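Below, chains carry the letters A, B, ... as their sequence lines are ordered, and counting in each starts from 1. Just so you know, these numbers use all the heavy atoms, side chains as well, and skip hydrogens, waters and symmetry mates. Remember, predicted model here, so these are calculated numbers, not experimental data.
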Amino acid sequence: MEKAYSPKEVEDRLYKKWLDDDNFKAVPKEKKEAYSIVIPPPNVTGVLTMGHVLNNTIQDILARRARQQGKSVLWLPGTDHAGIATQTKVEKAIEKMGRTRESLGREEFHLQACNWRDEHGGIILNQLKKLGCSCDWERNVHTLDEDYSKSVLAAFVKLFKKGYVYRGQRMVNWCPASLTALSDEEVIMKPQSSILYKIKYNILESPGAYLEVCTTRPETILGDVALAIHPEDPRWRNLEGKHVMRPLNPMAIPIVPDKAVDRDFGTGVLKITPAHDKLDFEISQRHDLPIIEILNADGTMNDVAGIDYAGIDRFSARKMIRDKLESEGLLMEEEPYQNNVGFSERADVPIEPRLSEQWFLKYPRVEEAKKVVKEGHIKFFPERWTKTYLHWMDNIQDWCISRQLWWGHRIPVWYRKGKVRTDPENWHVSVSGPSDPENWEQDEDVLDTWASSWLWPLATLGWPDDKEMESKGLNYFYPTSVLVTGPDIIFFWVARMIMAGLEFDGRSYKPEQEIPDYDLPERVPFKHVYFTGIIRDAEGRKMSKSLGNSPDPLDLIDKYGADGLRHGIMSIAPKGQDIRFSEDRIQQGRNFCNKLWNVARFRTMSGAIGENDSISDILARVKPEQIKDEDNAILVRLKSTIDEVENSYQYYEFNTVLHSIYKFFWNDFCDWYIENSKNRMKDEAEKETCLAIQDFCLREILLLLHPFTPFITEELWRLLAFGKDESIQFIPPTAGGEFINILKQAKIEIDPNSLAEIESIRELVTQLRALKADRNLSNNREVEFFFISDETNAALITKSEKSILEAAGAKSLIRIESPKSGLPAIVSSLGSFYLDLASGVNVEEETIRIKKEIEKLEQIIVSIEFKLDNEKFVSNAPPVVVEGARNQLVENQLKLKEARDILQAITEVS
RNA sequence: GGACGGCUAGCUCAGUUGGUUAGAGCGACUGGUUUACACCCAGUAGGUCACAGGUUCGAGUCCUGUGCCGUCCACCA
């Protein structure tokens, strides 16, 4: 074995072997419990980010843990076509070749996009393999696959037939860069520094009189059709029914009363531009006002805006209009103003509210979707996200599902050629299209990407095709066990999947029919949702490509190994809290692997590997009469570690799981047990038992660690010959509940008291080491200690003498009756210990040291006495606590006495 | 405006139902290569648990309020 662990070769070799052996293949087996996870599909053309690393490491841990526990595991991988994002990328690529989307035409563009996807796509899947992800790759699904597309269209058709899908002219969020409508969720509000302009509108009926109107968007004056005032605002009592002159493209427009106007904002007068503002549109509907569009789809002004502005970008036009208003004396005032402007999530440009003809979805099963989460058929981890979820569900709005893109699932609606499209009489809606296609033309739009991914758990398992569902095991694997995702897509994806899951599962309920309670748990798409934290950089900023603050995970794998990366990221991933990334932690992950490697290396150097095939083989090598306190203690700690791990998994507390294992492995096993065994193994009689206990612990450590660091654990599993040809992947760690029994079968009784004894020995050793280190004697192994203690402790010290001498680095421990004068000393729970110093002690320093100790002890004693003197404490606190306090008092009083004796002994010298 | 989260050692964070003297890793400092590991070992220093009240025998932990940081939702032109 090499001195340092080198992951590269091991990882590539083992991953290939796992694939060759079909270890990740999901097979429905009626007798086994199913465990299933569907991957949150990454963008097909995306590359791995730290967010993916976290998210997928968690899924892999869960999948591997389940596999160890003998469950039949499905981890289903796949990718998302990511409509806008991918189309934008492809358009840019085409642009470089001097072409445009339009010049290619729809079919050619689609072909190009597929080529581009096939070329750049799938990179991320290979990156996941590097990370060690145990997905069933044969089941890989892409949202634009033929079967998946059929599911998407089928869902649309079903919802249409139930009346949940409708077409209509509505105010939508329009992205002038991508030239498509967006859902509300795709709009991000950003605070902006704008200018609030106060503009003069002359009142026609009262010459000389005027109203002042505030706006941040003076260019929309061109589309004004009215001014609105609050009907109960006393300032404008006489204005109802009068008119003002529109300051640009002059025309008389009415003043209308509407309660939607906020009297307290600005001047209390609102200009109405129905075509370009949501509220204005609603007001215009109430007052039967005309709608004047002044913008083109791409955000430039149109012909209606007038010859001066046509074709000019909205922001340039704003400046021109501001100047024009000023020159005409209509600009009363302008002041800097902070307001929120909606931006397109993808294109990052201000969106335009725009009136357009779109497809909308009224969400199905909203009430049931709330119920399943409220009643715990779906559990969120951490639980607090349920509140966010329910709040959104309570305020749910219809979903604009059509996109004016070419990359996606084309809406399965056909219109009769030459007829009015708005009349449903002329529609054909089906998955396969009309039988006489020559008489029809298909809707040009595609569906929102989320309107395909909301079917992910169902469609990847073959829904709605009976044969597919059968072969893919929908009945067996659905509902999936857990969904692991970020809270940022709780509305985009999680909520929608829940509704889709409840609506479609093969059985049919009419829309008005409630799903019976007993059926709800069977229809949810997943039972648990684990929300990860968001990974931030050292400054706390969200990692993003544009900031360039995200490290490339492959570089990290290269430097630290996949196991190191996984270990590092999991050690800093608290439950649902944002994560501040630092490469140091990944380095620690690598260091951990190296430590593991070396302890195994030490094991192979300590003696031949014996029968290690199974627990009983290992334990058969133990000679019960050779079991020492150290063995007892490490076994007790191993048991409690297993218990802690089992418990933490219940709550998805991965960093706690890892921390428990880490502490046991590093602090207890390596730093104490192994160090101690070096001495013990010199004795041939003890050696065999000691090695067997080492092997038993190592075996369990590897098993516990395997989900986190799969490669190195598998490698060592083979090197240490645990299980002849069997992979570690399918072996469960010893269950906490079985632990004692398994030892009993090997005739090993573990003594729980030994742990406390060993702990006090370890504590003593630490104090003795410090006693030496403070006098610059760390390296001197020839020192002698004198000690004073009672019979019980003296017996314990004698029993462990060899360990103590070895660990503390000393020649002898000599029991004495009374304090030694002139020697530095410490007070431990096992008695007071004096360091025999040949050269004289620095009395002054020693005095300060021991006085400090005395002071500390006195403080402790005072606080305990104070507590015990309080009758309310004695009568109210649980007896265990009171008893504990009394014991402490006695113990510390004893220590205090010893400390005072030491002080006296020192001062006697001087 | 509403909701949620965070504030504990220089840094990053643990601290599960209130109960010993508040912990870990990193960093700092001191000392160490006797054959597992310097990606290591031993030791030291470092904390008014954001602040103010309250409940309690007892509060980092529960309650109320305040401040700062962050996220989400809504949005007034």
Side-chain angles (χ1 to χ4, degrees), chain A residues 1 3-5 189 196 213-217 220 228 260-267 269-273 277 279-280 339-340 342 382 384-385 387-388 391-392 395 487-488 490-491 534 536 538 540 542 560 564 571-572 574 576-582 584-585 587-606 647-648 651 653 655-656 659 662-663 667 670-671 674-675 678 765-766 769-774 776-779 781 807-809 856-857 859-860 863-864 867 870-878 880-882 884-885 887-889 891-892:
Chain A
M1 284 175 83
K3 194 170 171 182
Y5 173 59
M189 302 306 286
L196 190 63
V213 180
C214 287
T215 181
T216 52
R217 306 192 55 190
T220 61
V261 179
D262 181 351
R263 280 178 278 186
D264 300 325
F265 185 85
T267 56
V269 185
L270 177 63
K271 64 193 254 338
I272 305 299
T273 319
D277 184 276
L279 178 67
D280 290 6
N339 66 340
N340 284 329
R384 62 187 154 87
W385 292 110
K387 206 167 171 179
T388 307
H391 182 256
W392 186 76
N395 296 287
D488 49 333
I490 189 168
F491 312 134
I534 290 165
R536 302 177 172 280
K542 211 165 159 174
Y560 305 111
S571 74
I572 49 173
Q577 222 56 257
D578 283 3
I579 296 143
R580 209 164 276 219
F581 178 79
S582 101
D584 285 356
R585 301 301 287 259
Q587 198 171 11
Q588 284 169 46
R590 179 212 42 192
N591 294 355
F592 182 87
C593 292
N594 192 55
K595 183 83 173 172
L596 187 62
W597 177 260
N598 268 289
V599 80
R601 193 164 145 254
F602 176 71
R603 170 63 191 85
T604 60
M605 292 162 84
S606 302
N647 184 54
S648 300
Y651 303 99
E653 286 169 348
N655 61 330
T656 313
H659 191 234
Y662 182 103
K663 248 175 42 190
N667 303 130
C670 293
D671 289 348
I674 289 286
E675 284 309 316
K678 285 177 181 172
V765 166
T766 301
R769 281 168 176 168
L771 190 57
K772 285 175 66 187
D774 281 346
N776 295 323
L777 290 169
S778 286
N779 296 329
R781 302 187 62 83
K856 206 173 121 194
L857 287 166
Q859 269 172 18
I860 293 170
S863 80
I864 301 175
K867 234 195 298 194
N870 184 339
E871 236 172 80
K872 284 182 177 169
F873 171 72
V874 178
S875 53
N876 289 338
V880 192
V881 175
V882 180
N887 291 340
Q888 265 173 54
L889 183 63
E891 199 179 304
N892 283 293

Take atom C1' in C49(B) and the same atom in G23(B), then report the distance between them in whole Å. 12 Å

What nucleotide, of C41(B), G43(B), U21(B), holds the atom closest to the side chain of Asp671(A)? C41(B)

Whole-Å P distance, A38(B) and G27(B): 16 Å

Just by protein heavy atoms under 4.0 Å, how would nucleotides 3-9 of chain B read 5' to 3' in B, S and -? SSSS---

When you measure only distances, ignoring hydrogens and angles, does the side chain of Glu653(A) come within 3.5 Å of the base of A14(B) through a donor and an acceptor? no

Sequence-aligned protein contact record of nucleotides 23-35 of chain B, with B where the base is within under 4.0 Å of a protein heavy atom and S where only the sugar-phosphate is: -SSS----SS--S

Classify Thr656(A) by what it touches in the nucleic acid, base, sugar-phosphate, or nothing, heavy-atom distance under 4.0 Å. nothing

Nearest-Å distance once atom C1' is located in both U48(B) and C40(B): 37 Å

Using whole Å, report how far CZ of Phe491(A) lies from C1' of U71(B). 11 Å

For the pair made of CG in Asp774(A) and P in G43(B), what is the distance, rounded to whole Å? 11 Å

How far does the C1' atom of C69(B) sit from the matching atom of U8(B), given to the nearest Å? 16 Å

Rounded to whole angstroms, how far apart are CG on Asn340(A) and P on A74(B)? 11 Å

Show me the protein contacts with nucleotides 55-59 of chain B, counting only N or O atoms at under 3.5 Å.
unit_1: C57(B); atom_1: O2'; unit_2: Asn870(A); atom_2: ND2; d: 2.8

Report which part of the nucleic acid Cys670(A) touches: base, sugar-phosphate, or nothing (heavy-atom distance under 4.0 Å, all strands). base

Taking the side chain as C-beta and beyond, is there a heavy-atom pair between Val599(A) and Ile674(A) under 4.5 Å? yes

N/O donor-acceptor pair under 3.5 Å between Lys772(A) side chain and Ala808(A) backbone: yes

Return the CG to CG distance between Asn887(A) and Asn892(A), rounded to the nearest 0.5 Å. 11.0 Å

Just the rounded figure in Å: distance from C1' of U12(B) to CG of Asn655(A). 12 Å

Distance, rounded to the nearest Å, where Tyr651(A) contributes OH and U16(B) contributes P: 13 Å

Is the NZ or CZ atom of Lys595(A) both under 6.0 Å from the centre of the six-membered ring of Tyr662(A) and within 45° of that ring's axis? no

Interatomic distance at C1', U71(B) relative to A77(B), whole Å: 27 Å

Output yes when a side-chain donor or acceptor of Asn876(A) lies under 3.5 Å from a complementary backbone atom of Lys872(A), and no otherwise. yes

Distance-only donor-acceptor test (3.5 Å): side chain Lys595(A), base C39(B): no

Closest to the side chain of Arg580(A), out of G19(B), U12(B), U21(B), is U12(B)

Using a heavy-atom cut-off of 4.0 Å across all strands, would you classify Ser582(A) as base, sugar-phosphate, or nothing? nothing

Here the distance between atom C1' of U71(B) and atom CH2 of Trp392(A), to the nearest Å, is 18 Å

Inter-nucleotide C1' distance (C73(B), U16(B)), Å rounded: 31 Å

Would you measure the distance from the C1' atom in G18(B) across to the matching atom in C62(B) and give it in whole Å? 7 Å

Closest to the side chain of Glu675(A), out of U16(B), C37(B), C39(B), is C37(B)

With a non-hydrogen cut-off below 4.0 angstrom, is Gln859(A) in contact with a base, only sugar-phosphate, or nothing? nothing

Look at all strands and tell whether Lys3(A) reaches a base, only sugar-phosphate, or nothing, counting heavy atoms closer than 4.0 Å. sugar-phosphate

If you check the Thr766(A) side chain, which of G43(B), C39(B), U21(B) turns out closest? G43(B)

Taking the P atom of each, how far is A50(B) from C11(B), in whole Å? 14 Å

With respect to the side chain of Ile674(A), which nucleotide from A36(B), C39(B), U16(B) is positioned closest? A36(B)

Side chains of Phe265(A) and Leu270(A): does their closest heavy-atom pair fall under 4.5 Å? no

Could you tell me whether Arg263(A) contacts a base, only the sugar-phosphate backbone, or nothing, with contacts defined as non-hydrogen atoms closer than 4.0 Å? nothing

Between C41(B) atom P and Lys772(A) atom NZ, what is the distance in whole Å? 18 Å

Nearest of U21(B), A42(B), A77(B) to any side-chain atom of Ile864(A)? U21(B)

Looking for any heavy atom pair under 4.0 Å, which part of the strands does Arg590(A) touch: base, sugar-phosphate only, or nothing? base

Using Watson-Crick or G-U wobble geometry with both distances below 3.5 Å, tell me the partner of U66(B), or none. A50(B)

Closest-nucleotide ordering on RNA chain B, the 5'-leading residue of Met189(A) and Ile860(A): Ile860(A)

Could you tell me how far apart Phe581(A) (CZ) and C13(B) (P) are, to the nearest whole angstrom? 13 Å

Can you tell me how the ring of Trp597(A) sits relative to the ring of Tyr5(A), calling it parallel under 30°, perpendicular over 60° and tilted otherwise? tilted

